[in-house]
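Input: a single structure, listed below in structure tokens.
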Amino acid sequence: MTIHTSPAERVEPRFARNLLGAIDGKVAAKVVAAGGDVAMIIDRGGFIRDIAVNSRDMVNDGFEGWLDRRWADTVSTDSKQKIEELLHDAANDAGARWREINHPIIGGASVAVRYIAVNAGEDGRVIAIGRDHRAAAELQQRLIQSQQTMERDYTRLRDAESRYRLLFQLASEAVIVIDAATRKIIEANPAAERLIGGVSAPLIGRAFAAAFDGASRDAAISLLAMAHGGGNLTAQATLQSGGRTFNVAASLFRQDRASLFLVRLSARDLDFARVPESAQRLIDVLERIPDAFVVTDENLRILAENNAFLDLTRLASKEQAQGQSLESFLGRPEIDRNILVSSLRQHGSLKNFATILRNRLGEQEDVEVSAVHVADSEQPCFGFSIRSVVRTPVARPGVTGELPRSVEQLSHLVGRVPLKELVRETTDLVERLCIEAALELTGNNRASAAEVLGLSRQSLYSKLHRYGLGDFSGND
């Protein structure tokens, strides 16, 4: 059992009687106010002439055995300079300040003690008072551990939110979230945007009942009212756009002190009626042909695609492709779209149109497109067949006087490389050829070549270094 006594009772009588009696009242007041766990008298040479230990842990760590040892010999190497500074400041009355000192103890560990040193005013003696800093260090360590735990929990929550958000975005079933107070749509996944939304206005912010035709709006409103009472309820309702009838399921949940409805729209069983055998064979063939095939609406929004198109664009699933604009993958930006669409509207079909295809990773490859416009169906659409083209690379000639890029090569880069880069590259090539011609004309005399080109010698040297021409170790 640990017996707790006051610091005054734990200080050895010899310490108080023999040495504190010689200290003036002002210094004694400082010592009492400090109330440390260890107090030492240090002589002019830095030796500990008396010590009082008020902490049981410090006694067990061997602090009482420091008597008649140099104070600097009781600390670790990195703290010796601090000891010298403490003694110097105290001897010169430079103002007392707390310093953290590390003491090696038995077992190879170390103890952190915060010290303050004051001038004792007699024979250069210094009184050093220390406080065991282990409790504060332990609290700091606990704080750091708590912060790390909170950070790990936050990371887990963020990862879980990302997974559910990805599931929400990739779900093929239309899912929308509705504010229970206003009955307005506050969130919708891409499947719901394709099914309910339109090109003219976004789905977010619309009234939920406005998504259905007049005969189904009352049923939709009643569904939400009954779901507010609890339970998962289902009803059938017909959409305003497209006129298709779906099973609508609604459930109530709370988030951030607000009531929300989670509504799912799923196709009825009759919508999965068997496809005619001839049509099914055609679908199977299109899924297996090596060329990419994609169907879009008249705004080039993707409606259907085969697996070859997913391979070309590096998309992971059909859900990622549907609803996206074909322009984000096919054709040179703001160039090929107008050509494709106008040709299809005017002629109805297009064959072997050379263009480029960009995949989801930003990589490009040459392709040829054949397309058709189906304008007389219930839903007008475009069909595109996309085939990869392997082009034989044109050899780049060495720098021998002729341009390394021909007009055909430069024309092939139009639409792939910005005009500014093409002009800059062509300018650099012409400049390099002119410098080579001047050097050849002057017998590699750089001073004469600079004069022929109308450049300063320093400017010519800079361009020679830029293009890697000539040996800079020689003289003109």
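Just so it is clear, the structure is predicted and the values come from calculations on it, not from any experiment. Only heavy atoms go into these numbers, but all of them, side chains included; no hydrogens, no water, no symmetry mates.
Annotation for Arg288: atom CZ does not count as buried by contact number, only 12 or fewer foreign heavy atoms lying within 6.0 Å. Counted within 6.0 Å of CD on Glu85, heavy atoms from surrounding residues, nucleotides or ligands total more than 12; the atom is thus considered enclosed. Atom CZ of Arg158 has more than 12 heavy atoms from other residues, nucleotides or ligands within 6.0 Å. For CD of Glu187, the number of neighbouring non-hydrogen atoms (other residues, nucleotides, ligands) closer than 6.0 Å is greater than 12.
Contact between Ala308 and Pro290 at its shortest, heavy atoms only, is CB-O, 3.5 Å. Nearest approach of His373 to Leu344, heavy atoms of both residues: CB-O, 3.7 Å. A pairwise comparison of heavy atoms in Leu239 and Phe246 identifies CD1-CE1, 3.5 Å as the closest pair. Shortest non-hydrogen contact noted between Ala209 and Ile221 is CB-CG1, 3.9 Å. For Val367 against Ser388, the heavy-atom pair with the smallest separation is CG1-CA, 4.1 Å. Nearest heavy atom pair, residue Ala192 against residue Ala174, reads CA-CB, 3.7 Å.
Panel note: side chain Ser79, backbone Val75; no donor-acceptor pair is recorded below 3.5 Å. The main-chain N or O of Gln458 is never found under 3.5 Å from a side-chain atom of Ser462 such that the two would form a donor-acceptor pair. A distance-only check finds a donor-acceptor pair linking the side chain of Arg301 to the backbone of Gly323 [under 3.5 Å]. Listed for the Ser259 side chain is no donor-acceptor partner under 3.5 Å among the backbone atoms of Ala180. The closest donor-acceptor contact from the side chain of Ser342 to the backbone of Ile339 lies under 3.5 Å. For Asp311 (side chain) and Arg314 (main-chain N/O), no donor-acceptor pair under 3.5 Å exists by modelled atom type. A distance-only check finds a donor-acceptor pair linking the side chain of Ser370 to the backbone of Asn352 [under 3.5 Å]. In terms of modelled atom types and a separation under 3.5 Å, the side chain of Arg217 and the main chain of Phe212 share a donor-acceptor contact. In this structure, the side chain of Asn306 engages the main chain of Phe293 through a donor-acceptor pair within 3.5 Å. At distances below 3.5 Å, at least one donor-acceptor pair connects side-chain atoms of Ser328 with backbone N or O atoms of Ser325.
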From CA spacing to verdict: side-chain contact (heavy atoms from CB on, under 4.5 Å), Phe261, Val177: CA-CA 6 Å; Phe261 290 110; Val177 179; over 6 Å; no
From CA spacing to verdict: salt bridge (charged side-chain N to carboxylate O under 4.0 Å, His left out), Arg345, Glu298: CA-CA 10 Å; Arg345 292 187 185 278; Glu298 291 190 314; 3.6 Å; yes
Stepwise salt bridge (charged side-chain N to carboxylate O under 4.0 Å, His left out) check, Lys80 with Glu84: CA-CA 7 Å; Lys80 290 183 181 295; Glu84 299 297 332; over 6 Å; no
Residues Val111, Val113; criterion side-chain contact (heavy atoms from CB on, under 4.5 Å); working and verdict: CA-CA 6 Å; Val111 174; Val113 180; 3.9 Å; yes
Intermediate values then yes/no, side-chain contact (heavy atoms from CB on, under 4.5 Å), Leu350 and Leu340: CA-CA 8 Å; Leu350 183 69; Leu340 281 170; 3.3 Å; yes
CA sep, side-chain torsions, deciding dist, call: Leu460, Arg446, side-chain contact (heavy atoms from CB on, under 4.5 Å): CA-CA 8 Å; Leu460 177 61; Arg446 296 172 188 167; 4.2 Å; yes
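A 4.5 Å side-chain heavy-atom check between Gln324 and Glu305 finds every atom pair outside the cut-off. Residues Ile435 and Lys463 are in side-chain contact: their nearest non-hydrogen atoms beyond the backbone lie under 4.5 Å apart. Looking at Val341 and Leu300, their side chains come closer than 4.5 Å, going by heavy atoms from C-beta outward. Counting heavy atoms from C-beta on, the side chains of Ile186 and Ile178 never come closer than 4.5 Å. Counting only heavy atoms from C-beta outward, the side chains of Ile302 and Val295 never approach each other to under 4.5 Å. With contacts defined as side-chain heavy-atom distances shorter than 4.5 Å, the pair Phe208/Ile176 qualifies. Two residues are said to be in side-chain contact when any heavy atoms from C-beta on lie closer than 4.5 Å; Leu330 and Thr355 meet this criterion. Asp297 is not listed as a side-chain neighbour of Cys381, based on a closest heavy-atom distance of 4.5 Å or more.
Atom CZ of Phe329 is separated from atom CG of Leu357 by 8.0 Å, given to the nearest 0.5 angstrom. Arg387 CZ to Ile289 CD1: the interatomic distance, rounded to the nearest 0.5 Å, is 12.0 Å. Leu455 contributes atom CG, which lies 12.0 Å from atom OH of Tyr461 (distance to the nearest 0.5 angstrom). Taken from CD in Glu151 to OG in Ser146, the straight-line distance is 13.0 Å, to the nearest 0.5 Å. Within the model, atoms CD1 of Ile83 and CZ of Arg99 stand 9.0 Å from one another, a figure rounded to the nearest 0.5 Å. Within the model, atoms CG of Asn445 and CD of Glu451 stand 9.5 Å from one another, a figure rounded to the nearest 0.5 Å.
Glu436 and Tyr467 form no side-chain donor-acceptor contact under 3.5 Å, judged by distance and modelled atom types alone. In this structure, a donor-acceptor pair under 3.5 Å is present between the side chains of Thr238 and Thr245. Thr149 and Arg152 share a donor-acceptor pair across their side chains, judged by distance under 3.5 Å alone. A donor-acceptor pair shorter than 3.5 Å cannot be found between the side chains of Ser162 and Asp159. Of the N and O atoms on the side chains of Asp57 and Ser55, not one donor lies less than 3.5 Å from an acceptor on the other residue.
A salt bridge does not link Lys82 to Glu100: none of the charged side-chain nitrogens sits closer than 4.0 Å to a carboxylate oxygen. Salt bridge absent: Arg114 and Asp132 never bring a charged side-chain N and a carboxylate O closer than 4.0 Å. A salt bridge is absent between Glu363 and Arg358; no separation between the charged side-chain nitrogens and carboxylate oxygens falls under 4.0 Å.
Screening Thr313, Leu312, Leu326, Leu310 for a side-chain contact (heavy atoms from CB on, under 4.5 Å) involving Val294 leaves a single residue, Leu326.
Residues satisfying the salt bridge (Lys or Arg N to Asp or Glu O under 4.0 Å) criterion with Arg254, sequence neighbours excluded, are absent altogether.
Residues Tyr115 and His103 bring their aromatic ring centres within 6.0 Å.
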